[in-house]
2 protein chains.
Amino acid sequence: MNNAVASALVQAAHRVEARLEEALAGVGLSIAKFETLSILVSQDRPIRLSELASKLVCVRSNVTQLVDRLETEGLVKRADDPADRRAVRAEVTALGRKRQAAGTPVVNAVLQDVANKLAAVDAQVLKRALDAVQ
Amino acid sequence: MNNAVASALVQAAHRVEARLEEALAGVGLSIAKFETLSILVSQDRPIRLSELASKLVCVRSNVTQLVDRLETEGLVKRADDPADRRAVRAEVTALGRKRQAAGTPVVNAVLQDVANKLAAVDAQVLKRALDAVQ
DNA sequence: ACTGTATCATTCATATATGAATAATGCTGT
DNA sequence: ACAGCATTATTCATATATGAATGATACAGT
């Protein structure tokens, strides 16, 4: 079957995401929330929501809702952009930093385990091939 | 980085799914709808919604909504199960068959192209590795 | 300076997905 | 026969995602 490899790729990714969701649920996060917090922590400065959308590779209306939920949980705080009155910037709170830090080893453990399961293929070769997909 | 391969896997799969969604949109379908129709066509008999959920690897409430939308579009029809009054069976309509048939080459073209992009790794070896992921 | 266009975040409608709660029906052990 | 448990689909609340429409603000060219 021509389709078999590509289908297997998509299905494997779904299983990985399911594991990540389950693992992150243990520290009160989802993949979307963890990724958002990780960007905010790594930048370590208030980020425009449109910049966040671009880094998350999603549309802005999604970020609006995501930040709504993160703000409700006290993990993120919205602040005006002094340089542009249209813009809103998101900033990670101390609790958000703590939560992201709790999620990191959890995520890494899953990703490491997945990498081990893929050991039949050279990691470098595989990564290059995957990055070449579209 | 330990994470790199597993992350690349998930991201590549997202790109594949985005391509599939875009390609299927051209024939008036989504991935979820195409997969559902494909199951109904391949079985060629009325299927219980719970059986559909099991084949789609999702929860039943999702199937209820999916079949709602498919039924609204006239691609699927609900029918009572004469053997079990709790059950509802879904059946593909003639239009549903036509739509699924239109989607098939579109999906195969994308999957084939993805397989080509993965050609640096032996397809059999890669498939086995991917299937071994959890 | 002003007009038109672009950009920003939000809101709304919708699709996909989960999980809890519910109601109807089926089945098993006594 | 029936009590208790299991199964079925649906509904509801919610999360994640998209895209169109909106309103506010910025900016470019005249």
Side-chain angles (χ1 to χ4, degrees), chain A residues 10-11 13-25 28-37 46-73 75-91, chain B residues 10-11 13-25 28-37 46-73 75-91:
Chain A
V10 171
Q11 283 162 25
H14 281 168
R15 293 192 296 272
V16 172
E17 289 185 309
R19 284 189 61 186
L20 286 171
E21 290 290 6
E22 194 189 350
L24 280 169
L29 287 176
S30 62
I31 293 175
K33 286 172 181 171
F34 177 74
E35 284 176 346
T36 304
L37 291 177
I47 305 283
R48 286 188 172 200
L49 298 201
S50 57
E51 199 181 338
L52 212 41
S54 142
K55 286 183 197 298
L56 288 167
V57 192
C58 72
V59 299
R60 278 182 286 197
S61 56
N62 192 26
V63 172
T64 295
Q65 300 174 79
L66 208 39
V67 171
D68 282 350
R69 292 188 294 267
L70 287 166
E71 208 172 17
T72 299
E73 289 184 68
L75 306 179
V76 148
K77 195 173 51 126
R78 272 184 174 90
D80 291 339
D81 185 336
D84 186 339
R85 292 202 291 163
R86 293 168 303 180
V88 172
R89 299 189 303 178
E91 202 174 349
Chain B
V10 171
Q11 284 161 25
H14 281 167
R15 293 192 296 274
V16 173
E17 289 185 309
R19 286 189 60 186
L20 286 172
E21 290 289 6
E22 194 188 350
L24 281 169
L29 287 177
S30 62
I31 294 175
K33 287 172 181 172
F34 176 74
E35 284 177 345
T36 304
L37 291 177
I47 305 282
R48 287 186 173 200
L49 298 201
S50 58
E51 199 181 338
L52 213 40
S54 144
K55 287 183 196 299
L56 288 167
V57 192
C58 72
V59 299
R60 277 183 286 202
S61 57
N62 192 27
V63 172
T64 295
Q65 301 175 79
L66 208 40
V67 171
D68 282 349
R69 292 187 295 269
L70 287 166
E71 208 171 18
T72 298
E73 290 184 69
L75 307 179
V76 148
K77 197 174 49 130
R78 272 185 174 89
D80 291 340
D81 185 336
D84 187 339
R85 292 202 293 164
R86 292 168 305 180
V88 172
R89 299 188 305 177
E91 201 174 350

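All values derive from a computational prediction rather than experimental measurement. Each chain gets a letter, A, B and so on, in the order its sequence line appears, and its residues count up from 1.
When rounded to the nearest whole Å, the span between CZ of B:Arg78 and P of D:dA9 equals 10 Å. In this structure, the CG atom of B:Asp84 is 8 Å from the P atom of D:dA9, given to the nearest Å.
Under the rule for a side chain to side chain contact (heavy atoms under 4.5 Å, CB included), B:Val57 has no partner lying at least two apart in sequence or in another chain. Applying the side chain to side chain contact (heavy atoms under 4.5 Å, CB included) rule to A:Ser30 yields the partners A:Glu21, A:Ala32, A:Lys33; only residues at least two apart in sequence or on another chain are considered. In this structure, B:Glu22 has no side-chain hydrogen bond (donor to acceptor under 3.5 Å, both in side chains) partners at least two apart in sequence or on a different chain.
For the side-chain contact (heavy atoms from CB on, under 4.5 Å) criterion with A:Leu66, the lone passing option out of A:Leu56, A:Val76, A:Leu52 is A:Leu56.
Pairing each heavy atom of B:Leu75 with each of B:Leu37, the nearest pair is O-CD2, 3.8 Å. Considering all non-hydrogen atoms of both residues, A:Val63 and A:Leu49 come closest at CG1-O, 3.8 Å.
For DNA chain C, the contact window with chain A, defined by any atom under 4.0 Å from a protein heavy atom, covers C:dA6 to C:dT11 in 5' to 3' order.
Using a 4.0 Å heavy-atom cutoff across all strands shown, A:Asp81 reaches no nucleic acid atom at all. Using a 4.0 Å heavy-atom criterion, one finds that A:Val88 contacts the sugar-phosphate atoms exclusively.
Within residues 62-73 of chain B, the residues having any heavy atom closer than 4.0 Å to DNA chain C are, in order of number, B:Asn62, B:Gln65, B:Leu66, B:Arg69.
The phosphate of D:dT8 (OP1 or OP2) has a side-chain N or O of B:Arg60 nearer than 4.0 angstrom.
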Set out, in order, the CA-CA distance, both residues' side-chain angles and the distance that settles side-chain contact (heavy atoms from CB on, under 4.5 Å) for B:Val88 and B:Arg78, then state yes or no.
CA-CA 7 Å; B:Val88 172; B:Arg78 272 185 174 89; 3.7 Å; yes
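Residue pairs that meet the side-chain hydrogen bond (donor to acceptor under 3.5 Å, both in side chains) test with at least one member in residues 46-55 of chain A, sequence neighbours left out, are A:Arg45-A:Glu51, A:Arg48-A:Asp81, A:Arg48-A:Asp84.
Two residues, A:Val59 and A:Ala83, neighbour DNA chain D, and the one matched to the more 5' nucleotide by heavy-atom proximity is A:Val59. Heavy-atom distances to DNA chain C give each of A:Ser61 and A:Arg86 a nearest nucleotide, and the one nearer the 5′ end belongs to A:Arg86.
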